Amino acid sequence: FKVQTAVRSAGLATKQATTARIGFNDPANVEQPKELPVPEAPLPPVKAVKPVDPQLALRTIAAIRQSDTAALQPLVETDENVINAKDPVSGRSAVEIAAELVTWNRPDATRIAHFLIQAGAVTDIHTAARAGDADYVAQLLLRDRTLIESRDARGLTPLQRAALLP
């Protein structure tokens, strides 16, 4: 809120200073900042991380890496816990892998990442930003505004992560 208020004040002050220099002091000529839309849907409930059959986890990770939505859906229907499956080699979660593929502009990666997040995968704000899930990020920020300044392992904020999207 402080950041938003400061940005609004700075933007308004800049517009007023510009109009004063030109000689138009009429407040009607000053463009007012627009409110950002707030997502109406609540955050999806996060599913607890439970053990998953290793073969099922491998097939899930492979389907995500191949952007194979047709193969992923039946795997999730077989065991909903695969949304939190971890790659045994890298230790990264299914949603982290999907978010990375969004960054690499892989086909269907955004849809897969959003599907996992909406299905209740355990997701931090940086991963959601990398996945391009603006509604989820906004909901997290509405719950805890300090997350806007949080840094990931590479020292990036959620806004910086989102800005890196193709």
Side-chain angles (χ1 to χ4, degrees), residues 1-8 33-52 54 56-166:
F1 182 73
K2 291 178 184 176
V3 172
Q4 194 175 26
T5 304
V7 169
R8 283 187 189 145
K34 294 182 172 102
E35 291 291 323
L36 295 175
V38 176
E40 295 178 17
L43 288 173
V46 175
K47 304 232 187 291
V49 178
K50 295 182 181 176
V52 177
L56 190 60
L58 283 174
R59 291 193 343 243
T60 302
I61 298 299
I64 292 168
R65 284 204 167 110
Q66 295 167 2
S67 297
D68 190 349
T69 56
L72 183 61
Q73 186 65 40
L75 294 169
V76 173
E77 290 171 1
T78 301
D79 182 358
E80 67 178 14
N81 295 314
V82 298
I83 61 171
N84 287 315
K86 294 213 180 254
D87 180 8
V89 176
S90 68
R92 296 177 43 218
S93 71
V95 73
E96 288 172 325
I97 293 168
E100 180 179 321
L101 295 175
V102 170
T103 306
W104 288 100
N105 208 16
R106 288 284 299 273
D108 291 326
T110 302
R111 187 172 3 165
I112 290 172
H114 289 212
F115 167 76
L116 293 170
I117 292 169
Q118 294 307 311
V122 175
T123 310
D124 63 75
I125 191 167
H126 296 90
T127 302
R130 286 176 65 196
D133 197 334
D135 288 344
Y136 191 82
V137 170
Q139 287 294 337
L140 287 174
L141 289 172
L142 287 172
R143 290 183 177 196
D144 183 359
R145 294 178 190 273
T146 63
L147 290 175
I148 193 69
E149 296 297 327
S150 65
R151 305 235 174 223
D152 63 8
R154 293 192 177 166
L156 299 174
T157 66
L159 181 59
Q160 291 168 325
R161 277 287 175 200
L164 293 174
L165 289 176

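Everything quoted here is computed from the prediction, not taken from an experiment. Residues: numbered from 1 along the sequence shown.
- At distances below 3.5 Å, not a single donor-acceptor pair connects side-chain atoms of Gln118 with backbone N or O atoms of Phe115.
- Closest approach of Ala129 and Val137 over heavy atoms only: N-CG2, 3.6 Å.
- At distances below 3.5 Å, not a single donor-acceptor pair connects side-chain atoms of Thr146 with backbone N or O atoms of Asp144.
- The minimum heavy-atom distance between Ala98 and Ile112, with the atom names listed, is CB-CG2, 4.1 Å.
- His126 places no side-chain N or O within donor-acceptor distance of the main-chain N or O of Thr157, the cut-off being under 3.5 Å.
- Atom CD of Glu77 sits about 9.5 Å away from atom CG of Leu75, to the nearest 0.5 Å.
- Screening residues 56-70 for side-chain hydrogen bond (donor to acceptor under 3.5 Å, both in side chains) gives Arg65-Asp87 as the qualifying pairs, with residues at least two apart or on separate chains.
- Applying the salt bridge (charged side-chain N to carboxylate O under 4.0 Å, His left out) test to pairs two or more places apart or on separate chains, those with a residue in residues 111-130 are Asp108-Arg111.
- Rounded to the nearest 0.5 angstrom, Leu141 CG and Leu147 CG are separated by 6.0 Å.
- Taking all atoms of both residues into account, the shortest heavy-atom contact from Asn81 to Val52 is O-CG2, 3.4 Å.
- Side-chain atoms of Thr78 come within 3.5 Å of backbone N or O of Pro74 as a donor-acceptor pair.
- Closest heavy-atom contact between Ile117 and Ala128: CD1-CA, 4.1 Å.
- The heavy-atom pair separating Ser150 from Pro158 by the smallest distance is O-CD, 3.4 Å.
- The backbone N or O of Ala131 sits less than 3.5 Å from a side-chain atom of His114, completing a donor-acceptor pair.
- In plain terms, the two heavy atoms of Gln160 and Leu156 that are nearest each other are OE1-CA, 3.3 Å.
- Residues Arg92 and Glu100 form a side-chain contact, since some pair of their non-hydrogen atoms from C-beta on lies under 4.5 Å apart.
- Counting heavy atoms from C-beta on, the side chains of Val95 and Ile83 never come closer than 4.5 Å.
- Between the OG atom in Ser93 and the CG atom in Leu116 there is a gap of 8.5 Å [rounded to 0.5 Å].
- Remark: Lys86 does not engage Glu96 in a salt bridge, criterion side-chain N to carboxylate O under 4.0 Å.
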